[in-house]
Protein chains: 2
Amino acid sequence: MTQHRIGDHTIEFANHPRILSSAAVVGPKEGRGPLGQAFDLALEDPLYGQKSYEQAEHAMFQEACQRCLNKAQMPRERVQALLGGDLLNQIMAASLAARELSIPFLGLYGACSTMAESLILGGILVDGGYASPVLCAAGSHYCTAERQYRFPLEYGNQRTLAAQWTVTGTGACLLGGEGDGLASLTLATIGQVVDLGIRDANNMGAAMAPAAADTLTRHFLDTGRKPQDYDQIITGDLGRVGSDLLLELMEQRGFPIRESLHTDCGLCVFDPKDDVHAGASGCGCSASVLSAMILPRLQSGEWRRVLFMATGALLSPTTSQQGETIPGVAHAVVLEGGNQG
Amino acid sequence: MTQHRIGDHTIEFANHPRILSSAAVVGPKEGRGPLGQAFDLALEDPLYGQKSYEQAEHAMFQEACQRCLNKAQMPRERVQALLGGDLLNQIMAASLAARELSIPFLGLYGACSTMAESLILGGILVDGGYASPVLCAAGSHYCTAERQYRFPLEYGNQRTLAAQWTVTGTGACLLGGEGDGLASLTLATIGQVVDLGIRDANNMGAAMAPAAADTLTRHFLDTGRKPQDYDQIITGDLGRVGSDLLLELMEQRGFPIRESLHTDCGLCVFDPKDDVHAGASGCGCSASVLSAMILPRLQSGEWRRVLFMATGALLSPTTSQQGETIPGVAHAVVLEGGNQG
């Protein structure tokens, strides 16, 4: 049996699975942001013609998957697996989209780390010859997340300065074993759950930063690489608070990362004028930025090799009410421009 | 790249990943049932010394994982991934257990199909040399599931005759690439989401049976096998209603299965005197029966080759309230006794 491991936590994709196409469908506020033109579709109405925000989230998930397939001219009957999830209880947006698409479905839940989790598992399916092509997707919706995790929007709650704004959006990638791709997957580091005792559900960045630092440190130790071996280290949605903490933690651990080498997807989505406080979050944050910003820059050659690390805060309203702290998790994938195979 | 595919939906495990050990921790009612003596631990108190049922579910998940590792004398530091999930919103039982165990964590959600989903993905990680050993686990708790999906127990609601009783239990399996095992994984069929329009959240069996029939039919078409090529076809938790429907659907599809060839985990857990109506359900149902009944019979040689197919009903209270029907999904894994490698 060939071993595809480097160190204790890192996987090597020997066959360099390609991202053949990607698509992102987002909400109106995201469409007004700096990446607005780069999304495949920015909705004018967050209800997307549906009767509920949950139904809109499902429709958006499905639309992003379908557009991703269309861009690769891939009939959905040929897709051998859909791996994905969202923030809704019982990941219903992904499940209902999988029903409509009729693609064999493996549901994932990694909170806002889901896009990286789906790329890792989808990448393994393709790399090992177990399924190809496979569709990887993750999504979220501000209006459903607020009423599920915090308060219904109708309450008009004030948001704290550390709070992040859940992205209304879904990003999808089609992975395949051959052909031209936007980028290739070369390595991945699976993260452990880390919990330093944060209890504030309005400060996800602080809850996720220790997990991000843990996975990043393990990645460097496993691979012998340094931060500067990457053109950019891109975190999922640490936001302003979590990004600052990550850089501080990495300095303490002996892997200082200069600020220009780090991008957080949570700081890329919204117009600062939109007053979203600490930045963007949600499964759809890193997923849509991957499609709209990261993959295009890899394809154009502006970046040759990046570390994409989505971060998740593993909490539920029930665990918060029962006094649990908020564990975090982060999964990292190395993406390289063009076809490395 | 070696291809590990048979037909459109089926994966071949060329290296026959082994199940090195398994463990099941269950509640008191399950302990009184016909498999009572075969579980590793039957709790006397469904609260398991915790302050809430949710905390008990988390502690039970963790205990089953730890006992599984102990039985294989496997230090948890050597385990390269934990793949699993549960029914709690945001799969908090699995996430919190992953935090305590400090094993790299890939969260899954497939409702009651989760155990099969974790075996498929865990099997691929081991088979392809991406991680080994890996821990696969799924759990549920009657008291948390009732208040989350239906009503708090304190309401004393009457249950319909088609209703199933969520198993309080967690099952865990340790997969590895070599050594003696209880059984080996040889094939797997990833299921599609199927929805024939059932809306009754008290009739999960009817919602899941069409997905079970779909996956089973695809498995037979992909592999050229017939039902009688298996010593037993074991479904996850269709219960009485769903099992009858499955046999009827399979007859219609040209793959009649005689009743003695089919076992449903949902009909194995509870004492009929306990009046659980249509049977058992929950992620922990197929997971704990796998450990307590299926693997021992494969190890003893009573069965040589079985098809283990866990079934999930993909609903949430929100989608039910919004008028959605209940989609089902089923994933199948072929388990063979001894070491087939």
Side-chain angles (χ1 to χ4, degrees), chain A residues 1-5 8-9 11 15 51-52 54-55 80-81 85 87-92 95-96 98-99 102-111 114 117 120-121 124-125 127-131 144 148 177-178 189-195 312 314-319 322 324 327 329 331, chain B residues 1-5 8-9 11 15 51-52 54-55 80-81 85 87-92 95-96 98-99 102-111 114 117 120-121 124-125 127-131 144 148 177-178 189-195 312 314-319 322 324 327 329 331:
Chain A
M1 198 183 315
T2 323
Q3 290 305 313
H4 297 284
R5 298 284 300 185
D8 286 339
H9 290 74
I11 279 168
N15 298 305
K51 287 184 181 164
S52 73
E54 285 78 10
Q55 288 171 357
Q80 296 189 323
L87 293 177
L88 285 182
N89 292 340
Q90 286 70 56
I91 58 165
M92 287 311 298
S95 299
L96 294 173
R99 176 185 70 186
S102 297
I103 299 171
F105 177 57
L106 296 162
L108 308 180
Y109 185 79
T114 303
E117 184 183 351
I120 293 175
L121 287 169
I124 288 171
L125 288 177
D127 193 64
Y130 297 97
T144 67
Q148 182 179 285
E178 22 194 64
T189 301
I190 304 176
Q192 289 186 189
V193 178
V194 176
D195 188 336
L314 302 170
L315 83 165
S316 79
T318 306
T319 53
Q322 293 184 359
E324 261 297 346
V329 71
H331 301 299
Chain B
M1 200 183 313
T2 324
Q3 289 305 312
H4 297 284
R5 298 285 301 185
D8 285 338
H9 289 73
I11 279 168
N15 298 305
K51 287 185 181 164
S52 73
E54 285 77 11
Q55 288 170 356
Q80 296 189 323
L87 293 176
L88 285 182
N89 291 341
Q90 285 70 56
I91 59 164
M92 287 311 298
S95 299
L96 294 174
R99 176 185 69 186
S102 296
I103 299 171
F105 177 57
L106 295 162
L108 308 181
Y109 185 80
T114 303
E117 184 183 352
I120 294 175
L121 287 170
I124 289 170
L125 288 178
D127 193 64
Y130 297 96
T144 66
Q148 182 179 284
E178 21 194 66
T189 302
I190 304 176
Q192 288 186 190
V193 178
V194 176
D195 188 337
L314 302 170
L315 83 165
S316 79
T318 306
T319 54
Q322 293 184 0
E324 261 297 345
V329 72
H331 301 299

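As the structure is a computational prediction, the values presented were derived from the model and not from experiment. Note: hydrogens, waters and symmetry copies are ignored here, and every other heavy atom, side chains too, is used.
- Across all their heavy atoms, B:Ala131 and A:Arg5 have their closest contact at CB-NH1, 3.6 Å.
- Heavy atoms of A:Thr319 lying under 4.5 Å from chain B belong exclusively to its side chain.
- In terms of heavy-atom pairs under 4.5 Å with chain B, the best-connected choice from A:Ile103, A:Leu88, A:Asp8 is A:Ile103.
- Interatomic distance, A:Leu314 CG to B:Phe105 CZ, rounded to the nearest 0.5 Å: 7.0 Å.
- One distance of note links CG of B:Leu108 with CD of A:Glu117; it measures 6.5 Å at 0.5 Å rounding.
- Note: B:Leu315 leads B:Leu121, B:Leu315, B:Val329 in heavy-atom pairs under 4.5 Å with chain A.
- For the residue pair B:Ile11 and A:Tyr130, the shortest heavy atom distance occurs at CG1-O, 3.4 Å.
- Contacts between A:Leu96 and chain B at a heavy-atom distance below 4.5 Å involve the side chain alone, from C-beta outward.
- Annotation for A:Arg99 and B:Pro327: closest pair NH1-CG, 3.9 Å, computed over non-hydrogen atoms.
- If you tally non-hydrogen atom pairs under 4.5 Å between each of B:Ala111, B:Ser102, B:Gly312 and chain A, the highest count goes to B:Ser102.
- With rounding to the nearest 0.5 angstrom, the CE atom of B:Met92 is 5.5 Å from the OG atom of A:Ser316.
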Evaluate A:Ile190 against B:Gln80 for side chain to side chain contact (heavy atoms under 4.5 Å, CB included), listing each step before the verdict. CA-CA 9 Å; A:Ile190 304 176; B:Gln80 296 189 323; over 6 Å; no
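- With respect to chain A, the highest number of heavy-atom pairs below 4.5 Å among B:Lys51, B:Gln148, B:Gln322 belongs to B:Gln322.
- Using a 3.5 Å distance cut-off with no hydrogens or angles, the side chains of A:Thr318 and B:Glu54 do not pair a donor with an acceptor.
- The two residues A:His9 and B:Pro104 make their nearest non-hydrogen contact at CD2-CG, 3.4 Å.
- With a 4.5 Å cut-off on non-hydrogen atoms, A:Gln55 touches chain B through its backbone and its side chain both.
- Put simply, CG on B:Asn89 and CD1 on A:Ile91 are 12.0 Å apart, with the number rounded to the nearest 0.5 Å.
- When all heavy atoms of A:Gln90 and B:Pro317 are compared, the closest pair comes out as OE1-CD, 4.0 Å.
- A distance-only check finds no donor-acceptor pair linking the side chain of A:Tyr109 to the backbone of B:Gly85 [under 3.5 Å].
- Rounding to the nearest 0.5 angstrom, the gap separating the CG atom in B:Leu125 from the CD1 atom in A:Ile120 is 10.0 Å.
- For chain B, the option among A:Leu87, A:Asp195, A:Leu106 with the highest count of heavy-atom pairs below 4.5 Å is A:Leu106.
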